[in-house]
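Below is one structure, written out as structure tokens, with a few remarks after it.
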Protein chains: 2
Amino acid sequence: MYPIVALAEAAGAKVETIRYYERIGLLPEPGRTRSNYRSYSEVHLGRLSFIRRARDLGFTLDQSRELPELAESRNSDCGTVDVIGQDHLRDVERKIADLKALRRELCDLIGQCQKGAIAECRIIGALSPR
Amino acid sequence: MYPIVALAEAAGAKVETIRYYERIGLLPEPGRTRSNYRSYSEVHLGRLSFIRRARDLGFTLDQSRELPELAESRNSDCGTVDVIGQDHLRDVERKIADLKALRRELCDLIGQCQKGAIAECRIIGALSPR
DNA sequence: GCTTGACCCTGTAGGGACTACAGGGTCCAG
DNA sequence: CTGGACCCTGTAGTCCCTACAGGGTCAAGC
């Protein structure tokens with residue numbers, strides 16, 4: 001049972017963000033103590049961490065909501081889950097490829113810097129039009 | 001020389017976003033035709049594509065501005081470039097790791113789905129607190 | 001038992017990054 | 001020479017937080 005600050009720290013979010021997510025129905029309402037303080041469980045921690053990291057990876061809140069629901073939706077038919085899953089998978093693959101290109105340029109830059117010369121800018125090239 | 005719609009298509013951005021970036025000084029002002037229409041070069045395309053993709057990867061506009069400047073800044077000393085670069089590198093590594101975990105869960109989900117059974121939800125676990 | 005400081009609450013307003021009009025000029029194919 | 005596709009400059013709205021203001025709760029120490 002986490003109080004709100006503990007949850008915030010554990011999930012890497014701000015207290016205000018947690019309350020905001022609750023307001024828009026993204027996080028289930030937590031239990032309350034006698035004095036009306038929010039009290040969170042491991043389930044809340046898992047969900048909040050997921051959302052924060054998905055957001056950090058450039059997914060929208062709607063996508064962050066959709067991703068876990070995708071696996072939870074035993075009722076929806078497999079074909080739908082499959083199609084949406086493939087979609088997200090392509091998205092993820094693209095992001096990984098872009099990040100790897102960026103990582104390569106950053107490594108080069110740092111490497112050349114340590115040898116005393118500043119690299120010419122090829123960072124823009126790393127994320128160029130497909 | 002691209003008109004604004006062509007640039008938007010090539011870079012995967014909306015026309016309004018391009019004008020917004022110009023307004024806040026993120027994109028250099030393009031040339032104009034006699035009739036006052038914006039006219040863009042390859043340089044604009046490179047820069048805009050970079051920003052759009054960096055944004056899609058969860059970087060802020062400030063970071064998207066900083067990344068290329070990092071490599072361009074021959075005047076700033078190597079130590080600074082090195083430190084900032086290492087910082088961004090760690091950030092990028094973390095994102096790659098998170099995305100790989102997410103990819104793994106999506107693959108499993110799709111795989112199990114194709115075998116006819118919906119997987120239990122481990123997607124949230126993929127981006128759990130560190 | 002009372003204060004003080006860290007924590008919590010519910011608002012509401014502000015900021016970053018777009019996005020969507022409204023109201024109007026340009027340009028060219030038919 | 002007109003209809004439709006394109007462009008312009010605003011300004012207002014949306015999404016996703018973030019930062020107060022104004023006030024209650026609680027445990028530790030005097």
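FYI, side chains are in, hydrogens and waters are out, and symmetry mates aren't considered; it's all heavy atoms of this structure. Reminder, nothing fancy here: chain letters follow the sequence lines and each chain counts from 1.
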Closest to the B/Arg52 side chain, choosing from C/dC18, C/dT19, D/dC20: C/dC18

Sugar-phosphate only, base, or nothing, as touched by A/Arg19 at under 4.0 Å among non-hydrogen atoms: base

Sugar-phosphate only, base, or nothing, as touched by B/Thr33 at under 4.0 Å among non-hydrogen atoms: nothing

Ion pair check, B/Asp98 and B/Lys95, cut-off under 4.0 Å: no

Trace of the salt bridge (charged side-chain N to carboxylate O under 4.0 Å, His left out) decision for B/Arg53 with B/Asp56: CA-CA 5 Å; B/Arg53 306 185 90 184; B/Asp56 181 57; over 6 Å; no

Cationic tip of B/Lys14 above B/Tyr20 ring, under 6.0 Å, 45° of axis: no

Residue pair A/Tyr40 / A/Leu48, side-chain heavy-atom distance below 4.5 Å: no

Closest to the B/Arg32 side chain, choosing from D/dT18, C/dT19, D/dT9: D/dT9

Donor-acceptor pair (no angle test) under 3.5 Å: A/Tyr37 side chain, D/dG24 base: yes

Closest to the B/Thr17 side chain, choosing from C/dA20, D/dC8, C/dC18: C/dC18

Sugar-phosphate, base or nothing in reach of A/Arg34, heavy atoms under 4.0 Å: nothing

Sugar-phosphate, base or nothing in reach of B/Ile4, heavy atoms under 4.0 Å: sugar-phosphate

OP1 or OP2 of C/dA17 under 4.0 Å from side-chain N/O of A/Arg55: no

Per B/Ser35 side chain, nearest of listed nucleotides C/dC18, C/dT26, D/dT18: C/dT26

